[in-house]
Structures are given as structure tokens and as C-alpha cells.
Amino acid sequence: MPMLKMRSGGKESMINRFLSLLVGVLMLPVIAQASLDSRVEEMLESDQLLSMYEDNTLGRTVIAIGLGMNRSASVAQEMSRQDALKTLTTFLKGERLTAVDRAEQGWKGNQVLEAYYSSITTEVEGSLKSVWTFRIGELDGMTYTVLVISENSRNYTEEMDDQNNTVKAQGVASLSSGVDVARTTALNNALRNAVEQYGGVQLAAKTTIENAEKYQGKLSTVSSGHVSRYKIEVETQDSDNYYVTIVAEISDSVPKGEENFSVVKEGLGRPTFAIESGHIEVARSIRELFSEQGLDVVSDSETARYRVKADVQTHEYDAMAGMKGMRTTIRVRIHDRFSNEDLLYIISDPDKSVEISDSAVLRQRNSLNYAIDDIEGELTGSIRKAFVDQFNNGSKVTVTLKNFDRMRDVDELLACIESLPLTRSVTVSPIQKRDVTYDVIYLGDPSGLQLDILKQAQSYRLQGLKVKSTKDGTIQMTF
């Protein structure tokens, strides 16, 4: 583990600390703030990642420091936060350990053959409430997050009104990627912290070490509830971090995704849509609808995350008094280029698009407008629901390995994908000749997954692994 060294302070450090107090990580008294500041600085100086002590104001207090490193500042911050959560949960809830040792011996002619295998697995599970982020910083190329929990956490980390489920929470983000990115990340963290303070955060972690050298770790956190509405109370920054304090109303119901939908989109990397339809009016209507909902539409379908294909079918029939009637059916299919599955498929109800008139132009125009009106609510609502689900549980990404030579390559690529910090799960399909497919549930932006795999490939004996472009957008790996 790299050494952690505190920056020298002086007048600038005093100003930064004063600004942090103004933000009020969560209305801590000055004495308690100073006590925590001092203890955290001691921990960073001595490379100590966990500390427990008695504070006159906070009571028995546990501090955990997590470390993270990634090319993206927001990802590094999330990695360090989860690392701190794991440390904290392990200390408070304990850890299960299983070990397997196996030695085999055989003969090949007069030669003795020996094999030895060892595996140690640790598992951590627990649920924490009223954990709060005290500090975020960057030292020696790594991001660190300081989490705190104490006997009196609820008194100082949140203002909660049990009558209407409102919570006061704060988010912090590093300014290393600029003010705009830091503000979005800090707001995202404040919303997440509000939910976790309300319903707690559940953590599950599993780490395996094979033959004392090969390391594989997986960690996931889940919280219940969502922010139904919020308002920003305070925004400020010091030389290192951006702070956002919000008052949020938390609900246990399925989110409708209004105020927090922009945060969801940012967390997914602002997915883009390309509209494909042979009917100009339908394409224009969907494009305008997506624009109103804050969904990004691009003209190049090859670069878009989602392809929206809208087909129109009309049926004209004899109605009454010599007039004609018309029904229109619109079918909308949205395909995710990173997955073999559609995001959603919607069909309008033709009985809701009936128009009877002796004017052909009027029949076509009104029937089409009725059909468009019929699908608008379901279309935008289904997209929002799908985005919130992906934001909370991950996106499904299809990865294929073509023309592999050894079964070892299949296992090594599986281990490589599972080792990535933002991978939630991987399912392997049956092997077809020399091809295999991995269905990956990935918590980050899928466009960065292929680069992450290539960066880790050398650690898993996957020399020569490369990415091949595909028309359907799935990630195809070859040697």
C-alpha cells in the first residue's frame, strides 16, 4: 500500500478547514469537528485505515479510510468509498473466512509429479445506517474517502423528520475534474447519502486469493428507497472539494424519476438515442418528445447507445354513411447496442387511433396523432424506469470471445471481467465450437468496459487479446 502523506497546511489549510465548517458536514459542533480532523490527520500520517475512539460529543466513534485509483475521478471516489464501507462493515459485523488446500501426487514413468493449490476466501455482509462522509482527498495519486459512524451519528449527520421522511444530507466531490463535474458528482453523492441515511446501506463483499498471488475481489452495495423530491440548501467549495447540502424527501415506492433523473443520466454516461423511422412525422414527434424529456438524440446511429426503430402500419375500412375509417398502429423498438436484448418494445392500441372522415388527409393525420399520443406516456415512462433500474442495478453488456484456442482463456477472461470494480455479475453461456458469450451486469458506462478489460488482460495471462468492432455493438474479443 502506498504511503499517505498529508499536505503541509499553514494559513491555506486553516481557511479550507473553516470553509468545511461553514458547509457543516452535517452541523457538527466545532469541538467534534476539530477532534475528527485531528484523528483523521493522524491516521493518514501513519497509514492507518481504521480507528476507534471515544469522543465527548460524538460518543464511541469509528473512522474508516478507503482508497481508490482510476482514470475517472468520480469512479476513483466511488471505489474509495466502497473500500471504506467494506473496512467499516468488516470491523462492525465481522468476516467469514474459508480456506482450501489441496496437494496431489502422481507418477509419469520414473518421474514424480506434484501439484499444490490453495485458496482463501473472505466474505463480508452487513447493513449500516447513519454512516456519513467526513472528508475526500487526493494523496500520492490515490483518492481517499473518510467515513464515520458513532453513537450519536444520527444527531449530527442528518436532520430527519419521521413524519414526512425528509433528510438533510451532504455530498462531497473532488475538484480535480473541474467544477461542473464536481458539482454533478457531489449532488449525486448527496442524493445517495440521503437514501442511505434513511434506509441504511447493505454491503456484500467477497475476496479470493489463489496460490498466494492471484487476487480477485467483488463488492456491491444496495440501499432502499429513492429521493422523491429535494432542494439544494448550500453549495460551496474549497481548494480541493465541492460540497452540496440538500434537504430530500425519501420514499419507499418505485421512483417516478423527476428531479433526480438528470443525476441518473449522468451516472449512466448520458446515453444517446438515434431515431430511425420511415415515417417523417413519427420520427419528428419522437425526437421532440425525447428533447422535452431531456434525452439526448444524435443523428449518427453508429455512435448512439440506443437505436429507436419506429414502424407505422395503417388500416383503412368502410365506416358509416359512405365515409372511411382509419386505424394506425405504431411499433417502437429500442435496441441497446451493447446488449443482445432490446431495452423495450411498445405497441400502440389501434382502437385508440380511430378516425372517421370523408377526407383522406384528415383521416391519416388525426389517426396518426392519436397513435402518437397513445404511446408517448408509456414510451418515456418505460425509458425512465429502465434507466433508474440500470443506474441502481447495472446495465447488461454482451461480451464474446471468438476463436479461442484454450479453455484456460475462457476462464481467465471470466476472472478478468469479474475482477473489474464496477462488475456486478457475469454469466457464461454454453460454448459453441470455439466461441463463448459472457453476459455482464456492469455498473459503469458500458463504453468504457472494453478498455478496462484490455488494461487488466496482462494480469490474467491474456496476451494478445484485442477488441474487434461489430455491427451490433457487442464487445467482441479475439486473439
Side-chain angles (χ1 to χ4, degrees), residues 6-28 33 37 40 44 65-82 84 132-147 167-196 227 229-248 258-272 294-296 387 391 421-422 443-445 447-448:
M6 290 299 296
R7 297 186 181 89
S8 59
K11 182 177 180 180
E12 181 181 349
S13 177
M14 292 178 64
I15 293 174
N16 291 342
R17 197 169 300 168
F18 177 69
L19 287 172
S20 296
L21 288 172
L22 285 180
V23 173
V25 165
L26 302 154
M27 301 173 305
L28 280 177
Q33 175 85 24
D37 270 329
V40 169
L44 292 171
I65 299 177
L67 305 174
M69 180 182 292
N70 191 277
R71 64 181 182 275
S72 168
S74 60
V75 174
Q77 180 176 323
E78 177 62 20
M79 291 171 63
S80 66
R81 174 185 170 274
Q82 292 207 9
W132 45 286
T133 303
F134 177 69
R135 183 191 296 178
I136 294 172
E138 296 180 11
L139 292 171
D140 296 335
M142 300 191 75
T143 297
Y144 71 85
T145 297
V146 181
L147 298 183
V167 177
K168 186 172 184 178
Q170 186 196 54
V172 187
S174 170
L175 283 165
S176 60
S177 297
V179 174
D180 292 339
V181 174
R183 184 183 186 277
T184 300
T185 304
L187 178 58
N188 187 358
N189 291 338
L191 291 165
R192 193 254 317 278
N193 291 338
V195 173
E196 291 182 355
V227 177
R229 58 181 177 176
Y230 72 91
K231 66 176 181 178
I232 297 175
E233 275 204 339
V234 179
E235 291 184 74
T236 189
Q237 66 187 74
D238 56 28
S239 60
D240 297 317
N241 298 318
Y242 196 97
Y243 304 87
V244 176
T245 302
I246 65 170
V247 174
E258 293 300 329
E259 292 84 351
N260 62 340
F261 189 60
S262 61
V263 178
V264 170
K265 288 187 299 180
E266 291 294 338
L268 295 176
R270 294 196 66 86
T272 54
L295 302 173
D296 296 333
F387 275 16
F391 181 77
L422 298 181
L443 293 171
D445 182 356
S447 61

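Starting from 1, each residue takes its place in the sequence as its number.
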TODO: Check side-chain hydrogen bond (donor to acceptor under 3.5 Å, both in side chains) between Thr143 and all other residues, then give those that pass, not counting sequence neighbours.
DONE: none
Task: Residue list, side-chain contact (heavy atoms from CB on, under 4.5 Å) with Ala173, at least two apart or on another chain - done: Gln77, Ala182, Thr185, Ala186
TODO: Report yes if some heavy atom in the side chain of Val172 is under 4.5 Å from a heavy atom in the side chain of Phe134; otherwise report no.
DONE: no
Task: Taking every non-hydrogen atom, the tightest pair across Ser80 and Gly68 - done: CB-N, 3.6 Å
Open item on the list: How close do Arg183 and Glu235 get, counting heavy atoms only, and between which atoms?
Closed with: NE-OE1, 2.6 Å
TODO: Could you please spell out the steps behind the side chain to side chain contact (heavy atoms under 4.5 Å, CB included) verdict for Gln170 and Thr133?
DONE: CA-CA 8 Å; Gln170 186 196 54; Thr133 303; over 6 Å; no
Open item on the list: If we check side chain to side chain donor-acceptor pair (under 3.5 Å) with Arg135, which of these qualifies: Thr145, Asn241, Asp37?
Closed with: Asp37
Say you draw a straight line from [atom1] of [X] to [atom2] of [Y]; how long is it, rounded to the nearest 0.5 Å?
X      : Y      : atom1 : atom2 : answer
Ile246 : Glu233 : CD1   : CD    : 9.5 Å
Ile232 : Leu187 : CD1   : CG    : 5.0 Å
Asp240 : Ile136 : CG    : CD1   : 11.0 Å

Task: Audit row: Val234, Tyr243, side chain to side chain contact (heavy atoms under 4.5 Å, CB included) steps and yes/no - done: CA-CA 8 Å; Val234 179; Tyr243 304 87; over 6 Å; no
